[in-house]
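Note sheet for the following structure.
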Amino acid sequence: MMQNAEIARAFNQLADLLEIQGANTFRVRAYRSAAQTIEGLSVAIADMLEREEDLTTLDGIGKDLADKIATLHRTGSLPALAEAQQQVPPGLIELTRIDSLGPKRVKTLYDELGIDSLDALKQAAREQRISALSGFGDKTEKKILEEAERLNQQAGRTRLDEAQQAAEGLRQHIEQCDGVEQVVVAGSYRRRRETVGDLDILVVAEEGRRVMAHVAEWEEIERVALSGDTKTTVHLKSGLQVDVRVVPEESFGAALYYFTGSQAHNVAVRKMAVARGLKINEYGVFKGDRQLAGHTEEAVFAQVELPWIAPELRENRGEIEAAQRGKLPQLITPDDIRGDLHMHTTATDGKASLEEMAEAGRRQGYNYIAITDHSQRLAMANGLDARRLREQLTAIDKLNEQLKRFTVLKSIEVDILEDGQLDLPDDVLAELDLCVASIHSRFNLDRDRQTERLLRAMDNPHVSIIAHPTGRIVNGRDGYELDMQRVVDGAADRGVCLEINAQPARLDLRDIHVRMAKEAGVLISIATDSHATGQLAHMAFGVDQARRGWLEKDDVLNTRTLTQLRKALKR
DNA sequence: GCCGTTTTCGGCCCGACTGTTTTCAGTCG
């Protein structure tokens, strides 16, 4: 079965190849925009095709692309892609990843000098054959060589929590500059994506040059890639790229909106502006030369008759239509969270005791937490067998007697065995307030068996929540193969909740799966999987992810009061 | 290649920076 991601990848590859071939840029854009649409869908294209639904109803997909998708689904390959791959040497795509080298220059280098690989490029640059070409000079040649040599050490996307450290540090540095009135980190950081490609920092100040000079002095900067009056790009020692933009106060809202993106969202809204005879850029909304809005984001949205849309939703995944119809979700906020339903103690692989975790939960302002240590199968983590679990339950009962207006719920993170059975007998699971189940082994089962495994686990009436349902690690591993639609529908049928694991390295479910779960009516638990007291604060990342999945307070299990929670857990 | 409350043809979001150029193409976000 063809996954959405595979279809999107095929279209993106084809777009890259067509671009190098010098195809019409709008045709290239059409492939990219279709890929983006497909990636953001919360339904499987394959399922749509099975149900014979019309793909041309999707944004940016017309008859031709619908046919191509059908071919891809039916045969597993795309003739147009295979043909383009025949015509363009495979090394050329890699060359476009070099900073300052785009499709046009790569094509010229190939046509004129036969350069089709990184090595050939470096050699040509060293032999000064590139600067001999028209349109290329000494500086370009030198830059190409530098960037080609940097290519291997360039970081990919940076995890949000790591980006946050750099962003906060630089934000504080810039705030110390004279004449700076405001500093905001925009881009995918503000949209709270799980990873960021670079940081976009917006500065309100009158004198751009002074800000740029100040930025360049920050100790974490490795080099300044470019620097103008309103824009500078720097590379940090960590490998992260940062773009700093300086705008005047009257353009702050327009610039914030503009640099928050996503690009797909911005393009869609700017089209709406064009249809109204308006132009939106980072300085404001304009009718001719007259600025109609720009000071605030709300005013910019108002010019195209939209309410303010939360950054987390700005992915062009239906938020604009929802806004037009007055159907935007009232997104959950961190204050809505009343407890944390996944954490470990020193009984297994946690770093803090039961009492310390309870105290940490109280300090977080919660009404309850659940202690969910590992089960026996996870020997590496000193997992609990029935006897040790019962000892812990007794200890929790004792602790609860001393606590006021705070409850420690009795739970476990029980392993799901290969056949979908659970790692502890039903009689001990029956003594718990709730049962969290998850997969920690045999990630390599095929899609059907892995899906069945989760469904069988959910068949057990004691199971309340499936933790980190896909097993993926951000920037680490993809997670096991699953038919998410079946998992989500299975959870809905059985009244089982799915988790958003708030560990920044997990964020599992991911945003589109969260939305899929919401649409199926599955209740979500946002939980930190804390292994130390300091990690309870990771809840914020989980709430971010929930917002990206359009969740409202009522969609989330642990916004409930304790009484409501117990009721919701009944299956 | 997509799309239509100006359009079924002729548009398609918008601007900063750089280098190689004497007016702009290429790249990037």
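A, B, ... follow the sequence lines: proteins, then strands. Residue 1 opens every chain. Values reported hereafter were calculated over all heavy atoms of this structure, with side chains retained and with hydrogens, waters and symmetry mates removed. The shown structure was predicted, so the numbers you read here are calculated from the model rather than taken from an experiment.
Comparing A:Gly62 and A:Leu101 by the nucleotide of DNA chain B that holds the closest heavy atom to each, the one mapping nearer the 5' end is A:Gly62. Comparing A:Arg29 and A:Ile61, the nucleotide of DNA chain B nearest to each residue sits closer to the 5' end for A:Ile61.
Nucleic acid contact class of A:Val274 (heavy atoms, under 4.0 Å, all strands): sugar-phosphate only. Residue-level contact check: A:Asn266 touches neither bases nor backbone, having no heavy atom under 4.0 Å from any strand. Within the 4.0 angstrom heavy-atom criterion, no nucleotide atom of any strand lies near A:Lys142. A:Arg245 comes within 4.0 angstrom of sugar-phosphate atoms only, judged by non-hydrogen atoms across all strands, and of no base. At the heavy-atom level, A:Gly135 lies under 4.0 Å from the strands shown only through sugar-phosphate atoms. Across all strands shown, A:Glu282 has heavy atoms under 4.0 Å from sugar-phosphate atoms exclusively, and none from any base. At a threshold of 4.0 angstrom between heavy atoms, the contacts of A:Ser33 with the nucleic acid are absent. Across all strands, A:Tyr31 comes closer than 4.0 Å only to sugar-phosphate atoms, never to a base (heavy-atom distances). Among the protein residues, A:Glu19 comes within range of no part of the nucleic acid, since none of its heavy atoms lies under 4.0 Å from any strand.
One P atom belongs to B:dT20, the other to B:dC28, and the distance between them is 16 Å to the nearest Å. Distance check on atom P: B:dC17 versus B:dC12 gives 24 Å, rounded to whole Å. When the P atom is compared between B:dG15 and B:dT22, the two are found 25 Å apart, to the nearest whole Å. Here, B:dA16 and B:dC9 have their C1' atoms 33 Å apart, quoted to the whole Å. When the C1' atom is compared between B:dG1 and B:dT6, the two are found 22 Å apart, to the nearest whole Å.
Nucleotide B:dG15 holds its P atom 17 Å from the CG atom of A:Leu202, rounded to whole Å. Straight-line distance from the CE atom of A:Met212 to the P atom of B:dT18: 10 Å, rounded to whole Å. One interatomic measurement links the two molecules: CG of A:Asp99 to P of B:dG19, which rounds to 12 Å at whole-angstrom precision. If you take NZ of A:Lys279 and P of B:dG15, they are 4 Å apart, rounded to a whole angstrom. Across the protein-nucleic acid pair, A:Ile280 atom CD1 and B:dG29 atom P stand 22 Å apart, rounded to whole Å. In this structure, A:Ile144 atom CD1 and B:dT20 atom P are separated by 10 Å, rounded to whole Å. A:Met272 has its CE atom 13 Å from the C1' atom of B:dT5, to the nearest Å. In this structure, the CD1 atom of A:Ile201 is 15 Å from the P atom of B:dG29, given to the nearest Å.
Atom NZ of A:Lys237 has more than 12 heavy atoms from other residues, nucleotides or ligands within 6.0 Å.
Under 4.0 angstrom from either OP1 or OP2 of B:dC28 there lies no side-chain N or O belonging to A:Gln263. Residue A:Lys231 places none of its side-chain N or O atoms closer than 4.0 Å to OP1 or OP2 of B:dC28. At B:dC14, none of the side-chain N or O atoms of A:Tyr257 fall inside 4.0 Å of OP1 or OP2 (strictly under the cut-off). When the side-chain nitrogen and oxygen atoms of A:Thr233 are compared with OP1 and OP2 of B:dC28, none of them lie within a distance under 4.0 Å. Contact annotation: A:Lys271 side-chain N/O to B:dC3 OP1/OP2 distance is not under 4.0 Å. One finds a side-chain N or O of A:Thr140 lying less than 4.0 angstrom from the OP1 or OP2 phosphate oxygen of B:dT20.
We find that A:Glu297 and A:Arg314 are joined by a salt bridge, their nearest charged nitrogen and carboxylate oxygen being less than 4.0 Å apart. A salt bridge is absent between A:Arg548 and A:Asp544: the closest approach of a Lys/Arg side-chain nitrogen to an acidic carboxylate oxygen does not fall below 4.0 angstrom. The pair A:Lys107-A:Asp111 meets the salt-bridge criterion, since a charged nitrogen lies less than 4.0 angstrom from a carboxylate oxygen.
Closest to the side chain of A:Lys139, out of B:dG19, B:dG29, B:dC2, is B:dG19. In this structure, the nucleotide among B:dA16, B:dG26, B:dG1 sitting nearest to the side chain of A:Arg105 is B:dG26. Side-chain proximity of A:Tyr283 to the nucleotides B:dG1, B:dG29, B:dA16 is greatest for B:dA16. Checking B:dT18, B:dG26, B:dG1 against every side-chain atom of A:Ala30, the shortest atom distance belongs to B:dG1. Each of B:dG29, B:dA16, B:dC2 was ranked by its minimum atom distance to the side chain of A:Leu65; first place goes to B:dC2. The A:Asn281 side chain lies nearest to B:dG15 when the options are B:dG29, B:dG15, B:dG26. For A:Arg27, the side-chain atoms get nearest to B:dG1 when compared with the rest of B:dG29, B:dC17, B:dG1.
Annotation: side chain of A:Val180 is not in contact with side chain of A:Val204 (no heavy-atom distance under 4.5 Å). Taking the side chain as every heavy atom from C-beta outward, A:Met272 and A:Ile280 never approach each other to under 4.5 Å.
Annotation for A:Ala546 and A:Ile332: closest pair CB-CG2, 4.0 Å, computed over non-hydrogen atoms.
Cation-pi geometry between A:Arg192 and A:Tyr189 is met: the NZ or CZ atom falls under 6.0 Å from the ring centre, inside 45° of the normal.
When Watson-Crick and G-U wobble pairs are counted only if both distances are under 3.5 Å, B:dT8 pairs with no nucleotide at all.
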